[in-house]
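Read through the structure below, which is laid out as structure tokens, and then see the notes.
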Amino acid sequence: MSYNFNEIEKKWQEYWDKNETFKTDVWDFSKPKYYALDMFPYPSGQGLHVGHPEGYTATDIMSRMRRMQGYNVLHPMGWDAFGLPAEQYAIKTGNHPSGFTAKNIATFKKQLKMLGLSFDWSREISTCDPNFYKWTQWIFKRLYEDGLAKLVEMPVNWCEGLGCVLSNDEVINGKSERGGYPVVRKNMKQWVMDIPKYAEILLSGLDEVDWPESTKEIQRNWIGKSVGAEVKFKVANTDKSFTVFTTRPDTLFGATYCVLSPEHELVDEITTDEYKKAVEEYKAMASAKSDLERTELNKEKTGVFIGSYAINPVNGKEIPIWISDYVLATYGTGAIMAVPAHDERDFEFATKFKLEIIPVLQQETGTVRENESFKNSIVAVLYNPKTNKYLTINWGDKGGRLFIGGTKKDNETDIDCAIREIQEETGYTNIKFIRNTFPIKHHYFAYNKNKAYAINAVGLLFELVDDLKVNTNLDKEEENNFKVEWVSSNQIAEVTDELHSTVFNNLKNPQAFVEDGIHINSDFLNGLGKQDAINKMIEWLEENKIGDKKVNYKIREWIFARQRYWGEPIPIVYTEDDEIHVLADDDLPLILPELEDYAPSKTGASPLDKATNWVNTTFEGKKARRETSTMPGSAGSSWYFLRYIDPHNDKEIADPKLLKHWMPVDLYVGGPEHAVGHLLYSRFWNNYLYKKGLAPTKEPFAKLRHQGMILGSNGEKMSKSKGNVINPDDMVKEYGADALRIYEMFMGPIDAAKPWDPNGIDGSKKFLDRVWRLFVESGKVQDKPNPNLEKVYNFTVKKVSNDYENMYFNTAISQMMIFINSAAKEDILPKEYAEGFVKLLSPVAPHIAEELWNRLGHNDTITYETWPTYDESKLIDDVIEIAVQVNGKVRATISIPTDCAEEEVKKIAHANSNVQLHLEGKTIIKEIYVKNKIYNIVAK
RNA sequence: GCCGAUGUGGCGGAACUGGCAGACGCACCAGACUCAAAAUCUGGCGGGAAACCGUGUGGGUUCGAGUCCCACCAUCGGUACCA
């Protein structure tokens with residue numbers, strides 16, 4: 001028999017509605033508060049999908065448990081109702097988006113109610129409701145007055161397919177997030193939010209919140225803080241100068257050229273006549289590239305010399321100035337100093353254009369010892385292109401495989417030294433020099449001389465021209481100690497010496513050295529490590545008034561206007577004398593006018609331009625035109641969590657006393673895809689409101705958790721075209737809301753992506769059936785004790801409580817299953833345990849829990865019953881089983897009294913026949929006892 | 001490329017600070033009930049005949065490693081020349 005979930009769920013949903021069970025008295029400050037929030041949905045025409053109930057059930061479980069634990073719980077729901085899809089639907093069908101949206105909201109609400117979620121529906125809000133967006137506009141007004149919302153001419157992401165400007169987080173790989181249309185850079189006058197002003201606050205605030213570390217990291221990367229210095233470079237033979245930004249001022253002595261972005265204002269002024277034409281051509285080419293092309297062009301570096309030289313302020317050296325589009329006009333100062341030895345991009349550019357490379361930071365290998373002797377050395381790698389092999393010297397057990405090494409004599413160059421050593425040790429003489437490494441500092445101990453060395457080593461690569469050999473110059477002893485061998489590149493792995501393998505890798509794959517090291521060729525920085533040198537150089541720059549410490553952020557202004565109809569109107573007018581004015585508070589809300597034709601225009605004009613009666617207005621007696629772009633979708637969602645606290649207030653965004661009591665949100669649950677959009681914008685607005693004294697906390701969301709995506713049963717993302725979509729309505733009809741909730745929580749960890757198993761929900765339903773039979777039909781629930789269930793009951797209360805607390809819903813449910821399995825085997829289920837179990841079950845499966853509670857003889861809702869407790873002492877067994885291992889392998893399981901003395905355990909363990917069998921003929925070396933866990937015998 | 005996460009039976013997943021890998025569920029197999037099926041109940045279920053082998057791969061630390069360290073591979077997410 002299975003229970004009639006249709007009837008029961010309907011009965012209790014009506015009960016909750018009628019009794020306003022979940023209505024929150026926000027003015028009741030007598031209990032601790034708990035604010036559990038879901039990211040409110042965009043009410044699409046599709047209706048709810050199975051991903052929605054996942055997050056919503058999680059917050060619902062927490063809310064329901066907290067109510068039983070004596071908290072005053074705020075658990076609201078609303079609608080993120082402005083946005084593109086409704087508008088596009090309207091364009092297609094000719095229906096007004098507001099009607100369409102209202103219909104969708106009704107559907108969503110019905111579906112959510114069907115799931116038995118304990119929302120306080122009296123607080124329902126919708127971002128497209130004038131009573132709500134009045135306050136969105138009101139906040140915009142404050143932001144405008146404080147200079148954070150501003151109108152600027154800037155290059156924007158223009159999407160022709162949507163006829164609209166997009167913000168950076170709405171552009172994915174050069175295409176629009178919605179629709180996948182191409183996006184290009186275009187200069188336009190735009191409303192923006194100066195979110196970079198809040199970069200530091202938004203960065204440091206992350207340390208104060210309990211969020212998934214990965215999400216914090218995404219925000220940190222998006223904000224992109226880098227600390228460095230600005231340095232002024234004079235242009236030789238002019239009175240002009242430019243400033244560069246660098247995070248590595250310590251490498252200034254290695255700056256061998258400068259690069260300006262093609263758009264840099266100084267370019268035209270300092271380009272010499274000889275180079276004018278090339279520079280013009282390059283600039284034209286760079287500006288014609290869209291962002292998409294720039295990223296798709298595989299990043300082969302391009303650029304041209306402009307004829308002028310800059311003066312390196314630390315050494316007065318004249319270095320060439322180039323322009324290249326690898327330097328971005330929009331970041332830092334749009335100009336860089338290039339240090340090819342220590343920056344990958346500069347290295348690539350310098351290699352391609354044969355520019356000078358000066359190392360100023362030396363790599364260090366080996367281990368530093370006391371009393372080191374110093375010498376200059378080389379490591380020579382000889383390559384034979386005909387056989388594709390490398391020359392090595394095999395020292396056998398006296399040092400393994402090495403390349404040719406040697407010590408430089410006075411006045412000998414690296415190359416001369418290498419040639420001499422190769423000849424002396426191997427006889428090859430007809431060789432061609434290819435390239436060398438930067439000098440490496442290497443520390444080692446020479447055991448034959450019993451002496452520690454610190455050497456300055458340069459690696460050199462040669463190619464063998466022919467096999468001609470002359471006599472080697474070795475003594476007998478040396479000759480017997482090593483073999484000269486040609487080996488292929490995979491055998492090079494046998495070269496384990498740190499210096500030799502480093503040299504080989506550098507020679508084979510020349511690259512910039514970007515790690516920490518010791519400064520060389522750097523005057524007053526010589527000998528310092530990276531960070532010390534950075535500090536010292538910044539000091540020096542500031543003293544000499546050449547530069548300053550400087551912090552830059554990658555985060556860009558948030559583009560805050562869309563050339564769309566279905567959004568909040570921006571409360572701004574332009575009077576005929578070209579002044580910009582913001583509407584008075586009394587004139588808010590500025591209502592969105594009705595419109596016949598919503599179609600976007602290809603020119604970037606907003607659909608609202610067509611509402612002539614609305615656009616043409618007066619302001620303080622002057623003729624005026626209204627702003628016709630609207631706010632982006634993320635405007636209303638940036639503060640809605642405040643409004644739930646006091647949703648009907650028509651005097652202010654919310655009563656400050658209520659805000660103070662209820663903020664911050666204690667638990668916020670939603671998808672990880674909002675990491676840099678909504679979750680950053682909300683923090684920005686909330687921080688701003690906090691500064692204004694309008695919000696009580698800096699951070700709006702104290703704890704954030706994500707729900708993972710539910711995939712189709714084939715492991716792929718659900719989509720209509722793949723035919724793997726599961727509809728929650730069907731699931732509720734077939735198995736009931738409780739079964740759906742149980743299954744979604746049981747699938748796996750809340751934040752993991754999980755495939756839908758069509759049989760899984762059937763299993764969850766069977767579990768509820770089993771509970772029903774046990775409670776209602778078996779007659780086993782009696783007001784009598786049953787000591788057999790004592791331990792499992794107390795453990796279940798403990799585990800389920802802890803697991804809910806940590807949002808480990810899958811293991812909580814599995815523990816409830818274990819309890820039911822145990823209870824079903826018994827003849828008596830004590831009423832006390834039955835009641836406790838129903839309470840544990842009620843947050844996940846509230847309908848059946850209410851019904852069972854009712855049938856256990858209570859006539860009120862279970863919602864505000866007290867959460868069950870457990871007795872720790874009932875969890876301890878008198879006798880436990882532990883494993884006995886011999887040499888780490890389990891050979892027996894023995895029963896011992898809990899907390900048994902080691903001597904006793906030893907006796908029991910050794911008495912076991914299988915243990916004896918495995919010890920036979922062996923001597924016991926050691927025995928390890930981990931109390932109440934394991935006994936391990938080590939024997940030989 | 002860089003940053004982050006993940007990798008355990010046929011499948012979803014358990015495993016506390018290193019201590020009997022595979023809890024719980026799905027699927028499957030066998031049995032009971034039934035004329036039969038469904039439902040339900042009982043039992044089994046990583047591989048191997050066994051010794052043993054098994055947590056992405058290869059090393060290491062340890063009496064003992066899914067868990068810690070090193071190197072690598074694969075998948076997913078973020079990012080795209082940010083100086």
Side-chain angles (χ1 to χ4, degrees), chain A residues 1-2 169 172-174 212-222 224-226 228 244-248 251 259 261 291 294-297 299-301 324-328 330-339 342-346 348-349 552-556 672-673 675-676 708-709 713 715 742-743 746-749 751-764 766-767 769-770 773 802 808 810-818 820-821 824-825 881-893 925-939:
Chain A
M1 280 284 282
S2 72
D169 67 285
I172 314 279
N173 270 334
E213 207 42 55
S214 55
T215 305
K216 289 189 187 182
E217 203 54 33
I218 289 172
Q219 291 211 347
R220 286 190 193 111
N221 290 339
W222 187 264
K225 179 179 185 173
S226 47
V244 304
F245 173 69
T246 175
T247 53
R248 294 296 304 276
T251 61
V259 187
S261 72
D291 271 17
R294 276 202 190 192
T295 52
E296 278 178 355
L297 271 172
K299 290 170 194 160
E300 170 75 11
K301 297 243 178 327
S324 169
D325 65 1
Y326 88 87
V327 174
L328 307 176
T330 45
Y331 182 78
T333 60
I336 62 154
M337 66 178 205
V339 185
H342 305 292
D343 181 279
E344 281 169 32
R345 295 149 305 176
D346 298 345
E348 195 193 321
F349 192 84
N552 264 316
Y553 300 92
K554 278 192 236 176
I555 191 170
R556 304 289 164 79
E673 67 275 12
V676 287
M709 199 185 310
S713 47
I742 291 256
Y743 175 57
F746 186 60
M747 287 172 86
D751 57 345
K754 303 155 285 243
W756 182 272
D757 177 358
N759 293 309
I761 186 164
D762 196 44
S764 298
K766 281 182 193 159
F767 166 63
D769 285 340
R770 220 151 55 232
R773 278 195 301 274
N802 285 341
Y808 301 152
N810 53 334
T811 49
I813 291 167
S814 107
Q815 185 57 39
M816 290 192 280
M817 289 172 169
I818 291 171
I820 290 302
N821 290 346
K825 290 194 178 92
E881 296 215 316
I882 67 162
V884 182
Q885 297 184 336
V886 178
N887 290 333
K889 285 192 175 125
V890 178
R891 297 302 182 192
T893 309
I925 298 165
K926 198 172 166 186
E927 301 189 39
I928 295 142
Y929 176 53
V930 181
K931 199 168 153 193
N932 297 338
K933 286 258 166 69
I934 204 160
Y935 194 86
N936 191 10
I937 304 166
V938 187

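Just so it is clear: chains get the letters A, B, ... in the order the sequence lines come, proteins before strands, and each one is counted from 1.
- Between I937(A) and I336(A), the residue anchored closer to the 5' end of RNA chain B is I937(A), taking for each the nucleotide with the nearest heavy atom.
- Between R556(A) atom CZ and rU79(B) atom P there is a gap of 14 Å when expressed in whole angstrom units.
- In this model, the phosphate group of rA83(B) is approached by a side-chain N or O of S226(A) to a distance below 4.0 Å at OP1 or OP2.
- Looking at residues two or more places apart in sequence or on another chain, you find a side chain to side chain contact (heavy atoms under 4.5 Å, CB included) between Q885(A) and V890(A), I934(A), N936(A).
- Relative ring orientation between Y935(A) and Y929(A) is described as tilted, the plane-to-plane angle lying within the 30° to 60° band.
- Of the candidate nucleotides rG4(B), rA83(B), rU40(B), rG4(B) has the atom lying nearest to any side-chain atom of S214(A).
- Atom C1' of nucleotide rU79(B) and atom CD1 of I555(A) are separated by 14 Å, given to the nearest angstrom.
- Applying the salt bridge (charged side-chain N to carboxylate O under 4.0 Å, His left out) rule to R220(A) yields the partners D207(A), E213(A), E217(A); only residues at least two apart in sequence or on another chain are considered.
- Annotation: the span from K554(A) atom NZ to N221(A) atom CG amounts to 6.5 Å, rounded to 0.5 Å.
- Here the CE atom belonging to M817(A) is positioned 6.5 Å from the CD1 atom belonging to I742(A), to the nearest 0.5 angstrom.
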Which atom pairs link the protein and nucleotides 24-31 of chain B when you take only N or O atoms and keep those under 3.5 Å?
from: rG25(B); atom 1: OP1; to: N821(A); atom 2: ND2; distance (Å): 3.2
from: rC26(B); atom 1: O2'; to: D757(A); atom 2: OD2; distance (Å): 3.2

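- For the atom pair CG (N759(A)) and OG (S764(A)), the distance works out to 11.0 Å, reported to the nearest 0.5 Å.
- The side chain of R773(A) contributes an N or O atom lying less than 4.0 Å from OP1 or OP2 of rC41(B).
- In this structure, R220(A) atom CZ and rC3(B) atom P are separated by 15 Å, rounded to whole Å.
- Computed from coordinates, the K301(A) NZ to rA83(B) P distance equals 14 Å when rounded to whole Å.
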Give RNA chain B the dot-bracket treatment, 5' to 3': Watson-Crick (N1-N3 with N6-O4 or O6-N4) or G-U (N1-O2, O6-N3) under 3.5 Å, [ ] crossing, | other strand. (((((((..(((......[....))).(((((.......))))).((....))..(((((..]....))))))))))))....
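- Between the P atoms of rA27(B) and rG60(B), the separation comes to 43 Å (whole Å).
- Taking the nucleotide of RNA chain B with the nearest heavy atom to each of V676(A) and P749(A), the more 5' of the two is matched to P749(A).
- Residues satisfying the side-chain hydrogen bond (donor to acceptor under 3.5 Å, both in side chains) criterion with K225(A), sequence neighbours excluded, are E200(A).
- The distance from atom CZ of F245(A) to atom OG of S226(A), rounded to the nearest 0.5 Å, is 4.0 Å.
- As a whole-Å value, the separation of K554(A) NZ from rC2(B) C1' is 9 Å.
- Every residue was checked against the side-chain hydrogen bond (donor to acceptor under 3.5 Å, both in side chains) condition with S713(A), not counting sequence neighbours, and none meets it.
- K216(A) places no side-chain N or O within donor-acceptor distance of the main-chain N or O of S214(A), the cut-off being under 3.5 Å.
- Residue K926(A) has a polar side-chain atom (N or O) positioned under 4.0 Å from OP1 or OP2 of rC63(B).
- F349(A) approaches K301(A) most closely through the heavy-atom pair CD1-CB, 3.9 Å.
- Aromatic ring centres of Y553(A) and W222(A) lie farther apart than the 6.0 Å criterion allows.
- Residues satisfying the side chain to side chain contact (heavy atoms under 4.5 Å, CB included) criterion with D762(A), sequence neighbours excluded, are Y735(A), K766(A).
- Classification of rG9(B) as syn follows from a glycosidic angle within 90° of 0.
- Looking at every heavy atom in both residues, I218(A) comes nearest to A675(A) through CG2-CB, 3.9 Å.
- Within the nucleic acid shown, A752(A) has no heavy atom closer than 4.0 Å to any nucleic acid atom.
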Listed pairs, N/O of protein and of nucleotides 58-61 of chain B, under 3.5 Å:
none

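- Regarding E300(A), its CD atom lies at a distance of 17 Å from the C1' atom of rA80(B), rounded to whole Å.
- When the side chain to side chain contact (heavy atoms under 4.5 Å, CB included) test is applied to D346(A), the partners found at least two apart in sequence or on another chain are Y257(A), Y326(A), I336(A), A338(A), P340(A), D343(A).
- Nucleotides rA5(B) and rG10(B) have their C1' atoms positioned 26 Å apart, rounded to a whole Å.
- Comparing the P positions of rG58(B) and rU67(B) gives an interatomic distance of 13 Å, to the nearest angstrom.
- Here, rU6(B) and rU17(B) have their P atoms 15 Å apart, quoted to the whole Å.
- One interatomic measurement links the two molecules: CD of E673(A) to P of rG78(B), which rounds to 10 Å at whole-angstrom precision.
- Rounded to the nearest Å, the gap between the P atom of rG13(B) and that of rC20(B) is 23 Å.
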Tabulated below should be each protein N or O lying under 3.5 Å from an N or O of nucleotides 43-52 of chain B; please produce it.
none

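- In this structure, P672(A) reaches neither bases nor backbone, as no heavy-atom distance under 4.0 Å exists between it and the strands shown.
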Pick out the pairs of N or O atoms, protein on one side and nucleotides 19-21 of chain B on the other, that lie under 3.5 Å.
from: rG19(B); atom 1: N2; to: Q885(A); atom 2: OE1; distance (Å): 3.4
from: rC20(B); atom 1: N4; to: E881(A); atom 2: O; distance (Å): 3.4

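- When all heavy atoms of K933(A) and I882(A) are compared, the closest pair comes out as O-CB, 3.5 Å.
- Between the C1' atoms of rG54(B) and rA37(B), the separation comes to 40 Å (whole Å).
- Y326(A) has no side-chain polar atom (N or O) that falls below the 4.0 Å cut-off from OP1 or OP2 of rA83(B).
- Rounded to a whole Å, the CD atom of E348(A) is 15 Å from the P atom of rG1(B).
- Qualifying side chain to side chain contact (heavy atoms under 4.5 Å, CB included) partners for V938(A), counting only residues two or more places apart in sequence or in other chains: N887(A), K926(A), I928(A).
- The same atom, C1', is picked in rU62(B) and in rG47(B); the two are 27 Å apart, to the nearest Å.
- How far OG of S814(A) is from CZ of F767(A): 9.5 Å, rounded to the nearest 0.5 Å.
- Here, rU61(B) and rG25(B) have their C1' atoms 37 Å apart, quoted to the whole Å.
- A distance of 12.5 Å separates NZ of K754(A) from CZ of F746(A), quoted to the nearest 0.5 Å.
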